[in-house]
Amino acid sequence: MQVLQVQLEVGPDPAEVGRARRWARSRLVGSGIRDDEPLAETLILLISELVTNAVVHTGCPAVLRMLFGAAETAGTAGTVRVEVADTSCRPPQQRHAAGEDTGGRGLELVDGLADRWGWQPEGAGKQIWCEVDRGAPVVQVQMQVGAPGAGVHESSPAVVTHPA
């Protein structure tokens with residue numbers, strides 16, 4: 001299977017999140033995902049959440065990677081994988097935000113929007129990743145709590161389409 005990988009180094013500054021979004025949008029368009037597609041909006045939101053978590057919660061530089069996988073079987077569109085690696089060895093903490101909280105929803109959003117996500121050690125730090133299947137007809141919106149620790153989380157499909 002052929003995979004196209006692109007990556008961006010992100011500094012430990014919250015302003016870098018906007019730069020990462022702009023960079024990712026241009027790479028999505030270059031991979032054939034139109035800027036106005038619901039898939040692009042979902043991926044940009046996932047990227048924004050993962051990069052924000054890395055920059056805000058670790059204070060360390062990070063590396064954003066996007067991998068565009070080719071279809072494994074005829075008639076499918078492949079998978080987009082987003083990875084954010086940082087130099088902090090602290091595992092991600094999924095929090096549960098109360099109604100008025102301004103933070104604490106990032107990994108819940110990732111869990112609801114991605115088809116799969118997880119984390120693993122990478123070098124002296126860690127990598128948090130998520131995958132979205134390009135041919136999926138609906139966006140995953142179910143919010144559920146993943147098991148603590150490194151691993152893989154799979155979302156169950158919801159019957160809610162992404163607003164056009």
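Here the shortest heavy-atom pairing between Trp129 and Arg81 reads CG-NH2, 3.2 Å. Taking each heavy atom of Cys89 and Ala124 in turn, the nearest pair found is CB-O, 3.7 Å. Closest approach of Ala20 and Leu8 over heavy atoms only: CA-CD2, 3.8 Å. The two residues Ala40 and Arg34 come nearest to each other via the heavy atoms CB-O, 3.4 Å. Minimum heavy-atom separation, Pro12 to Gly59: CB-O, 3.3 Å. Minimum interatomic distance between Glu49 and Gly106 (heavy atoms only, all atoms of both residues): OE1-CA, 3.1 Å.
Atom CD of Gln93 sits about 10.0 Å away from atom NE2 of His57, to the nearest 0.5 Å. To the nearest 0.5 Å, atoms CZ (Arg134) and CG (Leu39) are separated by 6.5 Å. Between the CD atom of Glu122 and the CD1 atom of Ile128 there is a distance of 11.0 Å, given to the nearest 0.5 Å. Distance check, rounded to the nearest 0.5 Å: NZ of Lys126 to CD of Gln120 gives 12.0 Å.
Inter-residue side-chain proximity for Trp23 and Leu64 is flagged as met; some heavy-atom pair is nearer than 4.5 Å. Using a 4.5 Å cut-off on side-chain heavy atoms (C-beta onward), Arg27 and Ile47 make no contact. Annotation: side chain of Leu107 is in contact with side chain of Pro92 (closest heavy-atom distance under 4.5 Å). The shortest distance between side-chain heavy atoms of Arg21 and Glu16 does not fall below 4.5 Å. Residues Phe68 and Ile33 form a side-chain contact, since some pair of their non-hydrogen atoms from C-beta on lies under 4.5 Å apart. Under the 4.5 Å side-chain criterion, counting only non-hydrogen atoms from C-beta, Arg65 is in contact with Gln127. Between Val82 and Leu50 the shortest side-chain heavy-atom distance falls below 4.5 Å. With a 4.5 Å cut-off on side-chain heavy atoms, Asp115 and Thr79 do not count as touching.
The same ILVMFWY cluster, assembled from side-chain heavy atoms under 4.5 Å apart, contains both Leu28 and Leu4. The hydrophobic cluster containing Leu46 does not contain Val63, counting ILVMFWY residues as joined when their side-chain heavy atoms lie under 4.5 angstrom apart, directly or transitively. Hydrophobic clustering (side-chain heavy atoms under 4.5 Å, transitive across Ile, Leu, Val, Met, Phe, Trp, Tyr) groups Leu45 together with Val17.
When atom types are taken as modelled, the side chain of Asp86 and the backbone of Ala54 share no donor-acceptor pair closer than 3.5 angstrom.
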